[in-house]
Amino acid sequence: MHAKNAGNMKELRDQHNSKDFSKHHSIRGRGLFLIISRLVDSLEFEDVDKKGLKVIVTKSLQVHSDS
């Protein structure tokens, strides 16, 4: 299997955000990507000096007070 770089991952993210993404269920690895994309507020990718891929996940949480 070939390693993905930040550009590859951003392309996959953008495909997910397109309205036709739901037709690509059979492409390997897309199911997990779909789940993660729906759980987080932001999903970004950066290449790390030929050592791999940095994934930046952001999720905002609301704190409710009982008072």
Side-chain angles (χ1 to χ4, degrees):
M1 191 175 226
H2 300 286
K4 302 277 190 263
N5 63 28
N8 299 137
M9 295 305 293
K10 289 175 184 177
E11 184 178 323
L12 287 173
R13 181 196 58 208
D14 294 344
Q15 286 176 4
H16 165 265
N17 291 331
S18 75
K19 62 183 176 182
D20 293 330
F21 184 77
S22 61
K23 296 178 183 178
H24 300 289
H25 290 295
S26 64
I27 296 174
R28 188 169 187 258
R30 298 285 176 97
L32 182 59
F33 193 81
L34 256 172
I35 293 166
I36 297 300
S37 295
R38 290 180 179 168
L39 292 174
V40 302
D41 296 322
S42 174
L43 185 60
E44 300 295 327
F45 306 94
E46 293 179 8
D47 291 318
V48 181
D49 300 324
K50 297 184 182 183
K51 294 180 184 177
L53 184 67
K54 179 179 181 180
V55 180
I56 304 161
V57 178
T58 305
K59 177 66 181 170
S60 298
L61 301 174
Q62 291 183 351
V63 178
H64 298 280
S65 65
D66 293 333
S67 23

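We're numbering straight along the sequence, starting at 1. A quick note: this is a predicted structure, and the numbers were derived from the prediction, not measured.
The two atoms that bring Phe45 and Lys10 nearest to each other are O-CE, 3.3 Å, heavy atoms only.
A heavy-atom distance below 4.5 Å is found between the side chains of Asp47 and Leu53.
Not counting sequence neighbours, Glu46 has no partner by the side-chain hydrogen bond (donor to acceptor under 3.5 Å, both in side chains) test.
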Output side-chain donor-acceptor pairs under 3.5 Å for residues 54-64, partner residues at least two apart or in another chain, one line each.
from	atom 1	to	atom 2	distance (Å)
Lys59	NZ	Leu39	O	3.4
Ser60	OG	Asp41	OD2	3.4

